[in-house]
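Structure, as structure tokens:
Only heavy atoms go into these numbers, but all of them, side chains included; no hydrogens, no water, no symmetry mates. Chain letters run A, B, ... following the sequence lines, proteins first and then strands; every chain starts at 1.
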Number of protein chains: 2
Amino acid sequence: MGDITIKELAQKLNVSIATISKALNDSHEISAATKEKVLAGVRKYNYTPNPNASSLRKKRSNTIAIVIPEVADSFFSQALKGIESIAQNLGYHVLIYLTYESFYKERLILNDIKNGRVDGVLMSISSETSNSLHIKALRDRNIPIVFFDRVMEETETAKVVTDDYQSSYKATQHLLERGCQHIAYLSTSKHLMISNERKDGYLQALKEHHIKASKHTVVQCSNHAEYNFTVLQKLLQQEDRPDGIIASIERLTSTIYLVCKELGIAIPGQLKVITFSNLDTAPILSPSLTTVSQPAFEMGRTAASILFKALQKKKLNIKNEKIVIPSVLVKRESTN
Amino acid sequence: MGDITIKELAQKLNVSIATISKALNDSHEISAATKEKVLAGVRKYNYTPNPNASSLRKKRSNTIAIVIPEVADSFFSQALKGIESIAQNLGYHVLIYLTYESFYKERLILNDIKNGRVDGVLMSISSETSNSLHIKALRDRNIPIVFFDRVMEETETAKVVTDDYQSSYKATQHLLERGCQHIAYLSTSKHLMISNERKDGYLQALKEHHIKASKHTVVQCSNHAEYNFTVLQKLLQQEDRPDGIIASIERLTSTIYLVCKELGIAIPGQLKVITFSNLDTAPILSPSLTTVSQPAFEMGRTAASILFKALQKKKLNIKNEKIVIPSVLVKRESTN
DNA sequence: AAATTTTACGAAAACGATTTCGTACCTTTC
DNA sequence: GAAAGGTACGAAATCGTTTTCGTAAAATTT
């Protein structure tokens, strides 16, 4: 039954509520002596201001939302950690919302936070997201948004990404250098910028190495493991099957390994594999997995920093820029 | 520049603000015709009530906090997903706080949410947490709390756990059946209930099989990978080294595999390994990993359900009970 | 010493909802 | 047809802060 209010505290300390509020906000209007008295009272009665009342009056919630498709994925959980660590330092609170890759849910969520619940948003769009009206609605309410990883290109704001094109290009080149003649690219969403960038990097490398078009293989995967399993089965059972794979998402790793095991295809002997992934276990897979490792934690931290800086300056129109934090190609046994 | 308030909407619709509020809350005081009129206005002007004003008045925030040690861990990320999915369905918002296994941070966090920011808390305590004063402070403010996985035994509330003792017992028995004579148990926190339960299950199985005390080896590990690496190096280099390992936390998996690789110890030939883990990649490790798989998602869902049920009934004293959702021992190559 | 400024505080008005209570009008009841 | 009850709304209080503004007393300037 704690819940002491500013009014009750004021009575006990024999000062006005205004004095308490000002003392707590370290206003110059309050003398040092009074401040100390108030602080002592606050400690004694364990008073903390009601955040709803405070937010209502100040029109600032000290809360941000992070809207992401998924959390059981090492990229997003690491990024979340980066974001949370900064928020905690700066005294911000973090609301988390998962879209489960659904455009519909993404819209509902943004609509739900557009009115004073949060001061800003950090977001990685769902793979289904094709237009940005719901995002515009947020910005019309003066809620700044910073994208990370999966960005909405057309929205003018800061975007923290990794060098998807370049790293995919390098990954492809790596496979080519190791002698692959027929490399398949496993794609996910057609909408996602990052997926297309990665595809383009892949295609560009193939072109530069004069790989003929019949060996350009882009395979569309889904969010369902079973479906992906059969797709990969087909891919790897065909006559002219690939001898190299670049998987654009982490989740495909298990599927690839399992299909290979089932079909008796040796990695890296008959098939070399690279995955865009932040799996901790990449080094201890069998064989250990060559990855394009994204700087997830850093991307989260950077995106959060940009957002908080804007919030603290009350500069709600964030500069339209792209911050690129490079990924690292970590070569391991799966491409030996 | 949206931010239309109830007052502005009232003017446009030519009704009082009370009418709008009541219409939106589907009060019987409002006629069907007026309700429809209000609803139409709400849609037209895209009005959503300010949550701070609403929470202040109603003394309910429709928000819960989830306080966990870590998120880059498959157990917690899956549990988080379970929690979020239920919260989203019921229209609750979820604040996330990470303690990074620090008792100090855990206290700061709980202190920060004790005053109206959240209606309830879902929590898994840090490995350092040794007393429950900070938790009592929450309950004194009538904020219900439900624990999952890592529970505070002395707090009287619902606790959703898995059968740590039993599953550890079974895991140990499995190793014994596979011929292990000297099994080491890798522990983490001395404070954590779950860690001790698992240790007890392990010890009990050893006793029942009349393994002499010199072959009871409990190794204290930490949260630091490098430290753990050297600890395991020592363990596995000694004369009388173990031929079986039960690791009580997922994070140790990589370390074990890497140390074995370095020392040239064959799994499962010379050392059989079981980990308490929810790793997706367990089946594709080399060798594939025998795990005690915890029902993380289900535990999250269950804990959330109990909390929300209590909140909706305004029954803030949650029954002191333990809900046990069993783990599954998944046998794979690492214990062949 | 009068005029001005500064210092330190309190009263009261917000912030945007919800809820209590009062009331006009319309139905029902005897 | 008067009394009683129901229906449908609005006025105003309220939630717990922050902030604006007013004002005594003290300090400074002329």
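A salt bridge is absent between Arg107(B) and Glu128(B): the closest approach of a Lys/Arg side-chain nitrogen to an acidic carboxylate oxygen does not fall below 4.0 angstrom. Between Glu70(A) and Lys105(A) there is no salt bridge, since none of the side-chain N atoms of the basic residue sits less than 4.0 Å from a carboxylate O of the acidic one. Under 4.0 Å is where a charged nitrogen must lie from a carboxylate oxygen, and between Glu36(B) and Arg43(B) at least one such pair does.
Among the heavy atoms of the strands, none lies under 4.0 Å from Asn52(A). Note on Leu56(A): a base of the nucleic acid sits closer than 4.0 angstrom, heavy atoms only. Counting any heavy atom pair closer than 4.0 Å across all strands shown, Thr34(A) reaches sugar-phosphate atoms only and no base atom. Using a 4.0 Å heavy-atom distance criterion, Lys59(B) is classed as a sugar-phosphate-only contact. Among the heavy atoms of the strands lying under 4.0 Å from Ser21(A) is at least one base atom, whether or not backbone atoms are also near.
Rounded to an integer number of Å, the gap from CD1 of Ile17(A) to C1' of dG16(D) is 8 Å. For the pair Lys7(A) NZ and dT18(D) P, the interatomic distance rounds to 15 Å; values are reported in whole Å.
In this structure, Val15(B) and Arg60(A) both approach DNA chain D, and ranking their closest nucleotides by distance from the 5' end singles out Val15(B). When the nearest nucleotides of DNA chain C are assigned to Thr19(A) and Tyr47(B) by heavy-atom distance, the more 5′-ward of the two goes with Thr19(A).
Contact annotation: Ser54(A) side-chain N/O to dT18(D) OP1/OP2 distance is under 4.0 Å.
Looking at Arg57(A), its side chain has no donor and acceptor atom pair within 3.5 Å of the base of dT17(D).
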